[in-house]
Amino acid sequence: MSTVTRFPPSPTGYLHVGGARTALFNWLYARKSGGEMVLRIEDTDLQRSSQEAIDVILEAMKWLGLTWNQGPFYQTKRFDRYGEIIKKLLEQGDAYYCRCSKERLEEVREKQRANGEKPRYDHYCRDSNHVMEEGLPAVIRFRNPLTGTVIFDDVVRGKVEIDNSEMDDLIIARTDGSPTYNLTVVVDDIDMGITHVIRGDDHTNNTPRQINIFHALKASLPTFAHVPLILGKDGQRLSKRHGAVSVLEYREIGILPEALLNYLIRLGWSHGDQEIFDQDEMIELFDISDINKSAASFDMEKLLWLNQHYIKAADQQRLAKVLAKRLNKRGIGLCGGPEANEVVEVLRDRVQTLEEMVDGALYLYQDFDEYDENAAKKHLRPVASDLLASLSEKLAAIDEWEADAINQSIEDLMAEKDVKLGKIAQPLRVAISGASATPPIDVTMKLVGKERALERISRALKFIEQRVQNNP
Ligand code: GLU
């Protein structure tokens, strides 16, 4: 039987990193075993689901390259099918109508709590021949077995055992007839031929309940693998308060999709000490049986480190396109500035994110408003005036504005004035870029362009003059 995995998000918000990791594991396992992955949108909670959330989830999956082979299937389009199965369960005697009022259920629970018992449905309607009060709203409950034990072999957690006596008679249809999560999941997993259910271990408690429904429907069970949660650095479940958790937020700050995937596969799965995995390797080496049993914690530093690696390794043309697009988004065109390709070549080894690359490229395309305060204080001082003015003359005489020629001018000046490189390069950096950290200064000036570079030196000279005047 060929492997079929599934990714079934509930579209109640963005795709978060935990969901993306679940999708990745399902995707990898399907690829690895030559099988398929189903994408199913679990949108039965009409109040909390939205088309916008569906769009955002699909976009995030596409961005990560987590392609699906079947679907997307929408649960809201399958209500007839769920209705059929509910009817079947009723006919078989595996489900029953329950007309208990909220007040009655609350009373029962109160009593149970007072007696120190676990609150649960007391089976009032289960075997009774209560005269059905027609017109009273009814839910439909699954008739969970009363005795025996549900045992399943979870690929990650090992043997899981739960006594049926611990389980409630689940509501499988609400008073308006709409089916509930545990029912729809089982019907879909059966109908879609799912062989492997790989999901977050927050669903482990649902599994034995679902297994009983599988049995009632005489369907064979899929293999279950429950993946430990992702925690924040403080050991609490990863959430918004730990920072970005939405996949598209990572795209926004300039994480490459391959870096995020590489990061996610290592969160809760390992292959020796290896940290870097390209896609083929991931597919080849991944196995659900190697998923770690303990929760993994999210480490932004490590994600940035991987991103840096992938930025260094990425195709230059691709990065140039990304740079142009991101500059455009900030209202900056490339006209009159250096080729995006050249900029990428110079900046790619110096940044951890694409947005950092854009930040580092800004002064190459547009004039900066102000100098960095500390950098200007330290480097744009009267001692630098003479050096900058003399250098400006030499630079003005350069015909071919190339890094070599610029460098030669700086070296000539160092020899003439008998000064070390720092004495010239640091004021020059601040003059050219507004701050004191740039790529090698000759390369930087080449990218800025001759006219702009000379203008900026003269702006710096004026700044120094002004400073002297203000503090005589
Ligand atoms: N729709 C569920 C969720 O987003 C997943 C259910 C499942 O994997 O069975 O948490």
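Every number for a ligand or one of its atoms is a count from 1 in the order of the listing. Below, each value reflects all heavy atoms present in this structure, side chains not excepted, and no hydrogens, waters or symmetry copies.
- In the model, S433 has no side-chain atom that pairs as donor or acceptor with a side-chain atom of R429 under 3.5 Å.
- Listed by number with element, the atoms of ligand 1 under 4.0 Å from a non-hydrogen atom of R199 are 7 (C), 8 (O), 9 (O).
- Not a single heavy atom of Q210 sits less than 4.0 Å from an atom of ligand 1.
- Near R6, the atoms of ligand 1 lying under 4.0 angstrom from a non-hydrogen atom of the residue are 7 (C), 8 (O), 9 (O).
- Among protein heavy atoms, the minimum distance from atom 1 (N) of ligand 1 is reached at E42 OE1, 2.6 Å.
- For E36, there are no salt bridge (Lys or Arg N to Asp or Glu O under 4.0 Å) partners two or more places apart in sequence or in a different chain.
- Residue contacts with ligand 1 include Y181, since one of its heavy atoms falls under 4.0 Å from the ligand.
- F368 has its ring centre less than 6.0 Å from the ring centre of Y371.
- Around atom 4 (O) of ligand 1, the closest heavy atom drawn from G19, S10, G200 belongs to S10.
- Here the protein heavy atom with the shortest distance to atom 10 (O) of ligand 1 is H203 NE2, 3.0 Å.
- Side-chain contact of N164 with N144: a donor-acceptor pair under 3.5 Å is present, judged by distance alone.
- At a 3.5 angstrom cut-off on N or O pairs, P8 counts as close to ligand 1.
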Distance-only check: which donor-acceptor pairs under 3.5 Å involve side-chain atoms of residues 282-293, not counting sequence neighbours?
residue: K293; atom: NZ; partner: V156; partner atom: O; Å: 3.1

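- Outside the 6.0 Å centre-distance limit, the rings of H242 and F298 are not counted as a close aromatic pair.
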